[in-house]
Amino acid sequence: MLDRIPKRDIFAWNALIRARLADRKPSEAILIYCQMLLRGVNADNHTFPRILNAARLGGAFFSGRQVHGHVLKLGLGSDDFVVTALVSMYGDLDGPCSARKILDGSSRRNPVSWTLLMGMYSDQEKPNLALKVFYEMAAAGVPLDSVALATALGASGRLRSVLDGKKIHDLARKSGLELHPLVANVLVKMYFDCEVPGDARALFDRMPAKDMVSWTTVISGAVHTGAFNEGLKLFRELCAEGRKPDHFTVSSVLPACARMSASRHGREIHGYTIRHGVGAGLPAVQNALMDMFVKSGRLESAQKIFFQMAEKDVVSWTVMIMGYSLHGRGEDGVKLFREMERDPAGVAPDAAAYYAVLHACHTACMVEQGRFFFGRIRKPGVEHVALLAGLLARAGKFEAARTFVEKRRMEDRPEVLRAVLDGCRIHRNLPMGKRTAEKLAELEPLNAENYVLLSNIHAAGGRWGSVEGLRRTIRDMGLRTKQACSWIEVGGKFHVFRVGDVFHPRSVRIRWELDRMMEKMREEGLSLDADFSLHDVDEERESIPAGHSELLAIAFGLISTPVGAVIRVTKNLRLCRSCHASAKHISWLTGRDILLKDPLRFHHFRDGECSCRDLW
DNA sequence: TTAGGGTTAG
């Protein structure tokens with residue numbers, strides 16, 4: 001073919017080069033360019049961008065620089081397209097500073113090359129430098145088009161700088177691009193990233209044309225800022241408009257179902273993905289579905305998806321390992337991790353996968369395995385250290401936990417201290433518990449939870465004076481402890497209960513049921529631990545007779561679901577020993593399975609036993 | 001015949 005190309009037909013040469021690039025064969029594109037030079041054909045303004053791209057994609061910096069020489073020789077150094085390709089080549093192969101030099105040597109009027117430079121800084125996690133480029137560009141009078149504005153807004157979001165975001169928003173407004181589809185979408189994301197969901201939502205509502213990216217952005221933003229219900233509502237609105245959510249949208253809304261344990265909504269969306277073939281074979285969607293099932297207490301459904309997945313990635317394995325662990329099946333989690341390592345598909349564990357397997361070791365109290373996996377983590381994070389320290393502590397190896405943490409120089413990290421403290425609670429190691437809790441309170445004086453933990457320890461030791469003192473501290477500092485609440489989904493509706501609540505329409509009947517259970521427990525001589533709890537003890541002492549929120553929710557479940565149905569309750573705080581014991585007894589007395597989710601794990605109560613083996 | 005951009009999962 002080459003020999004039959006008429007000498008001057010640069011168009012044909014360009015087409016050949018383009019074809020090689022489309023086939024992703026950059027080195028062959030460069031070879032064709034060389035043939036062209038050998039035949040004495042001069043490249044033009046269409047050839048250079050392609051050849052420079054070929055050099056960039058093939059990592060051929062030396063060739064790229066030679067081509068740069070050709071550009072200068074042929075006097076094409078000020079062509080906008082050529083400059084852009086040069087900026088891109090130098091940036092990718094030699095870094096942004098190098099790209100910057102090209103830009104400075106050009107006419108500097110082309111927004112595309114400026115935007116490229118901005119994007120490079122943004123991709124390298126240097127959004128502040130990206131913004132610097134943007135402001136320079138604006139000051140130099142370069143036209144700010146939609147892509148330039150969008151890129152700068154993306155950088156503001158990454159920097160979480162609403163100040164910059166608003167400035168750029170203003171510029172967009174002045175140039176009439178505020179509601180441009182691209183700009184508006186990025187503006188919405190920027191406001192979410194800067195944690196100003198109100199502004200994000202207001203802009204979304206004003207958008208005249210919302211595409212699927214707009215909807216996905218607002219749903220994902222709502223979910224990430226904790227507005228789970230809002231996310232679900234938006235998703236329903238979208239469907240009600242007759243639009244078809246795609247795999248991005250579905251993967252954005254599923255975490256809301258997971259976080260709320262909204263099993264019914266999650267199952268509806270699962271149905272939607274099956275009916276519309278959305279996300280079949282896409283790990284992002286399948287993994288989000290699995291996670292939703294794990295977190296809404298349906299481990300079997302998650303397993304079913306997992307074992308049917310043709311291509312599992314590291315997230316799929318991690319979700320499933322974590323799923324086993326959260327449901328009290330640590331051994332199965334460790335087994336699955338081993339299986340992943342043996343898998344011929346060759347998935348390499350990352351930091352999160354190691355977190356999951358350590359979590360499984362923690363759940364199963366497998367100390368040696370935990371040590372082994374920890375040793376394999378290349379750069380253990382504080383979350384890994386906290387898990388292993390917690391594992392040692394819950395196994396009663398307090399001295400080992402202490403030396404391990406000190407060796408890692410993490411004795412001042414609240415996450416680690418909290419993990420160790422949990423072991424102290426389980427083993428009722430009051431002296432070490434007290435020291436640990438005091439340190440925690442010193443490190444985070446504004447976190448009311450810490451004083452609650454400390455006061456729990458004083459309460460366990462009967463030091464009510466100290467308990468009272470801590471309550472005063474909390475009050476004087478103007479802090480507030482979290483109020484416990486539990487909820488249960490019945491008939492697609494959430495029923496929320498607080499301690500001693502009497503506001504539910506069926507309150508009297510609930511109370512009666514709970515009293516009946518307590519009475520039965522007494523008859524059967526079942527003991528109810530008083531405890532070393534995780535609640536505000538004073539609240540607890542006052543409210544035991546009225547019933548903790550989880551017991552109210554369980555009692556409501558007993559009277560409002562069919563005999564034999566599993567009762568699924570979620571609680572915003574961790575259970576106390578007395579409620580844990582009551583739930584065990586209730587499962588035995590009624591023959592019901594009770595699935596209670598607290599912020600850290602699931603408790604499966606059946607026949608008077610709990611899946612956590614009382615280690616929690 | 002040529003360039004820069006936006007939404008997803010642990």
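Residue numbers start from 1 in every chain, and the chains themselves are labelled A, B, ... in the order their sequence lines are given, proteins ahead of strands. Owing to the predicted nature of the structure, the values given are computational and were not obtained by experimental measurement.
- Seen from the ring of Phe61(A), Arg65(A) counts as a face-on cation partner, given the 6.0 Å and 45° thresholds.
- Residue Ser251(A) places its side chain closer to dA9(B) than to any other of dG4(B), dT1(B), dA9(B).
- When rounded to the nearest whole Å, the span between NE2 of His46(A) and C1' of dA3(B) equals 12 Å.
- A cation-pi arrangement is not found for Lys312(A) relative to Phe307(A), the charged atom failing to lie both closer than 6.0 Å to the ring centre and inside a 45° cone about the ring normal.
- The side chain of Val112(A) lies closest to dG4(B), out of dG4(B), dA9(B), dT1(B).
- Relative to the side chain of Lys295(A), the nucleotides dG4(B), dT1(B), dG10(B) differ in distance, and dG10(B) lies closest.
- No close placement of the Phe374(A) and Tyr354(A) rings is indicated, their centers lying 6.0 Å or farther apart.
- Relative to the side chain of Leu182(A), the nucleotides dT1(B), dG10(B), dG5(B) differ in distance, and dG5(B) lies closest.
- Centroid-to-centroid, the aromatic rings of Phe306(A) and Trp317(A) come within less than 6.0 Å.
- You'll find a donor-acceptor pair under 3.5 Å spanning the side chain of Arg50(A) and the base of dT1(B), going by distance alone.
- Closest to the Ala148(A) side chain, of the nucleotides dG4(B), dT2(B), dA9(B), is dG4(B).
- A side-chain donor-acceptor contact under 3.5 Å links Asp313(A) and Asn287(A).
- Stacking is found between Phe81(A) and the pyrimidine-like six-membered ring of the dT2(B) base under the 5.5 Å centre-distance and 30° plane-angle cut-offs.
- Put simply, Ser220(A) has a side-chain N or O that comes within less than 4.0 Å of OP1 or OP2 on dT8(B).
- Within the structure, a side-chain polar atom (N or O) of His224(A) is placed less than 4.0 Å from OP1 or OP2 of dA9(B).
- The side chain of Ala288(A) has dA9(B) as its nearest neighbour among dA9(B), dA3(B), dT8(B).
- Comparing atom distances between the Thr318(A) side chain and each of dA9(B), dG4(B), dG10(B) picks out dG10(B) as nearest.
- Across all strands shown, Ala353(A) has heavy atoms under 4.0 Å from base atoms, whether or not it also approaches the sugar-phosphate.
- Note on Val314(A): a base of the nucleic acid sits closer than 4.0 angstrom, heavy atoms only.
- The nearest whole Å value for the distance from the CE atom in Met290(A) to the C1' atom in dT8(B) is 16 Å.
- As a whole-Å value, the separation of Leu116(A) CG from dA3(B) P is 12 Å.
- Residue Val319(A) places its side chain closer to dG10(B) than to any other of dA9(B), dG10(B), dG4(B).
- Whole-Å rounding puts the Ile17(A) CD1 to dT1(B) P distance at 16 Å.
- A cation-pi arrangement, defined by a distance under 6.0 Å to the six-membered ring centre and an angle within 45 degrees of its axis, is present between Lys210(A) and Phe204(A).
- Of the listed nucleotides (dA9(B), dG10(B), dA3(B)), dA3(B) has the atom at the smallest distance from the side chain of Thr84(A).
- Contact annotation for Asp313(A): base contact, defined as any heavy-atom pair under 4.0 Å involving a base atom.
- The pair Glu268(A)-Arg236(A) fails the salt-bridge criterion, with no side-chain N (NZ, NE, NH1 or NH2) lying under 4.0 Å from an Asp/Glu carboxylate O.
- If you check every strand for non-hydrogen atoms under 4.0 Å, Asp79(A) touches nothing.
- Across the protein-nucleic acid pair, Met118(A) atom CE and dG5(B) atom P stand 11 Å apart, rounded to whole Å.
- Within 4.0 Å of Asp291(A), counting heavy atoms only, lie sugar-phosphate atoms of the nucleic acid but no base atom.
- Using a 4.0 Å heavy-atom criterion, one finds that Asp211(A) contacts the bases of the nucleic acid, with or without backbone contacts as well.
- Look at CD1 on Ile51(A): it is 14 Å from C1' on dT1(B), rounded to the nearest Å.
- Closest to the His247(A) side chain, of the nucleotides dA3(B), dT8(B), dG5(B), is dT8(B).
- The nearest whole Å value for the distance from the NE2 atom in His180(A) to the C1' atom in dG5(B) is 9 Å.
- For Asp145(A) against dG4(B), a side-chain N or O and a base N or O form a donor-acceptor pair under 3.5 Å.
- Nucleic acid contact for Ala85(A): none, since no nucleic acid atom lies under 4.0 Å from a heavy atom of the residue.
- Between Tyr191(A) atom OH and dT7(B) atom C1' the separation is 19 Å, expressed in whole Å.
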